[in-house]
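Working notes for the structure below.
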Protein chains: 2
Amino acid sequence: MAKPPLSIPDSELDVLKVLWDRGQATVREVLETLKEAGHVGNKEGKPWSYATVATLLDRLETKKVVVSDRADQAFTYRPVVSVGDIQQRRVESLVDKLYQGEPGLLVLHLLKSHPIDPGQALEVRALLEEMSAESADKSRKSSTHPKPGHSA
Amino acid sequence: MAKPPLSIPDSELDVLKVLWDRGQATVREVLETLKEAGHVGNKEGKPWSYATVATLLDRLETKKVVVSDRADQAFTYRPVVSVGDIQQRRVESLVDKLYQGEPGLLVLHLLKSHPIDPGQALEVRALLEEMSAESADKSRKSSTHPKPGHSA
DNA sequence: ACGATCGGACGACACTTGTCTTAGGATACG
DNA sequence: CGTATCCTAAGACAAGTGTCGTCCGATCGT
């Protein structure tokens with residue numbers, strides 16, 4: 001059966017982001033957060049109505065992306081898929097559809113057409129060296145030094 | 001006016017790919033190509049009907065993505081946007097929505113979670129060296145794998 | 001000239017997405 | 001208690017997407 005993960009449209013993604021940001025929230029909290037727009041990459045002035053947010057949350061729940069919990073007197077929603085999961089899906093899809101399934105092509109495209117942060121470039125280089133060293137010299141010492149990948 | 005480029009749904013993308021592949025084609029040619037599925041990254045056995053393909057091509061035309069040309073007795077469609085254009089749009093969108101607008105984060109994600117082709121990895125490294133040399137200019141051309149002492 | 005084909009224009013239809021309105025049940029407060 | 005609040009449930013509705021069915025005029029083969 002392999003149920004293909006349902007798509008998560010952009011509007012739903014917007015509210016999902018809020019949940020990721022604060023871990024959990026009620027409809028109203030999401031609404032307020034979106035209006036005050038005090039979080040990552042969000043367009044201000046979303047004139048959303050309470051009902052709209054409720055609908056989105058509802059659809060996300062039917063898609064098994066969030067779960068609702070009866071706390072207090074209002075439902076509290078919490079995400080059950082991480083941002084990483086969604087990124088995975090989208091990236092995978094993009095690579096499959098426009099880069100012959102080869103992530104390397106996407107990487108090349110990104111580096112060529114988008115200016116990347118110098119710091120990140122450094123990280124990328126380090127990562128690549130590590131990888132090539134690992135594959136080219138597999139009989140090498142496997143030094144798996146932990147990377148400081150967590151920003152903030 | 002800056003008309004935001006209309007979205008190109010996946011089904012339309014499928015036929016558009018055929019046009020990219022062969023430069024141009026009639027409805028029937030696209031249909032056959034899709035059925036015989038003899039091209040890059042295409043799922044076989046698409047039970048598409050002539051009408052479906054015609055519709056898709058039609059919609060693509062209204063979206064100004066392809067143009068039709070009356071040749072012979074059947075219309076011939078030709079793409080007016082390149083695969084690069086579409087890639088650009090999609091990547092941009094993805095980066096904006098899930099990577100805080102920072103392409104570098106996507107690159108990192110890709111390298112970490114998807115195995116990339118060694119050859120492409122090489123290309124990437126070369127590209128990065130070139131870039132860093134260009135920005136932090138060193139007027140040097142030696143390819144002596146400069147070790148990136150992670151000490152920033 | 002006639003019927004079989006081909007190609008195209010129209011329109012249909014179900015489902016998804018984006019946004020809401022409103023009715024109805026709980027709660028809180030004077 | 002009565003009313004203002006808040007919440008949820010249930011629809012509604014216009015676009016956009018995914019896939020066709022058909023009717024119709026132009027063509028082809030015999």
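The structure presented is a predicted model; accordingly, all values stated were derived computationally and were not measured. Letters A, B, ... are given to chains in the order of the sequence lines, protein chains preceding strands, and every chain is numbered from 1.
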[X] [atom1] - [N] [atom2] separation (whole Å):
X: B/Lys63; N: D/dA15; atom1: NZ; atom2: P; result: 15 Å
X: A/Glu29; N: D/dT8; atom1: CD; atom2: P; result: 11 Å
X: B/Trp48; N: D/dT19; atom1: CH2; atom2: P; result: 6 Å
X: B/Leu13; N: D/dG16; atom1: CG; atom2: P; result: 19 Å
X: A/Glu61; N: D/dC7; atom1: CD; atom2: C1'; result: 15 Å
X: B/Arg70; N: D/dT27; atom1: CZ; atom2: P; result: 10 Å
X: B/Asp58; N: D/dG16; atom1: CG; atom2: P; result: 15 Å
X: B/Tyr77; N: C/dG8; atom1: OH; atom2: C1'; result: 8 Å

Contact class for B/Thr55 (heavy atom, under 4.0 Å): base, sugar-phosphate, or nothing? base
Hey, does B/Ala51 reach any base, or is it just sugar-phosphate, or nothing, if we go heavy atoms under 4.0 Å?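 Base: the residue B/Ala51, judged by heavy atoms under 4.0 Å, touches a nucleobase.
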B/Asp10 has a side chain; which of D/dG18, C/dG7, C/dT17 sits nearest to it?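 Among D/dG18, C/dG7, C/dT17, the one nearest the side chain of B/Asp10 is D/dG18.
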Looking at D/dG18, C/dT17, D/dC7, which one has an atom nearest to any side-chain atom of B/Ser11?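 Closest nucleotide to the B/Ser11 side chain: D/dG18.
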May I ask you to verify if any side-chain N or O of [X] is less than 4.0 angstrom from the OP1 or OP2 atom of [N]?
X: B/Thr52; N: D/dG18; answer: no
X: A/Arg59; N: C/dT16; answer: no
X: B/Tyr50; N: C/dG8; answer: yes
X: A/Lys46; N: C/dG18; answer: no
X: A/Thr26; N: D/dT8; answer: no

B/Lys46 to B/Trp48 six-membered ring, cation-pi geometry met (6.0 Å, 45°): yes
More 5' along DNA chain C: A/Leu6 or A/Leu56, using each one's nearest nucleotide?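 Nearer the 5' end of the strand: A/Leu6.
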Return the CG to CG distance between B/Asp117 and A/Leu105, rounded to the nearest 0.5 Å.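 Going from the CG atom of B/Asp117 to the CG atom of A/Leu105 covers 8.5 Å.
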Tell me, which pairs form a salt bridge (charged side-chain N to carboxylate O under 4.0 Å, His left out) where one or both residues lie in residues 64-84 of chain A, sequence neighbours left out? A/Asp69-A/Arg78
Under 3.5 Å, is there a donor-acceptor pair between the A/Thr52 and A/Ser49 side chains? yes
Tell me which of B/Ser49 and A/Thr76 sits closer to the 5' end of DNA chain D, going by the nucleotide each one is nearest to.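 Comparing both residues, the 5'-ward one is A/Thr76.
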Would you find a donor on one side and an acceptor on the other, under 3.5 Å apart, between the side chain of B/Lys63 and the backbone of B/Ser7?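 Flag set: sc B/Lys63 to bb B/Ser7 pair under 3.5 Å.
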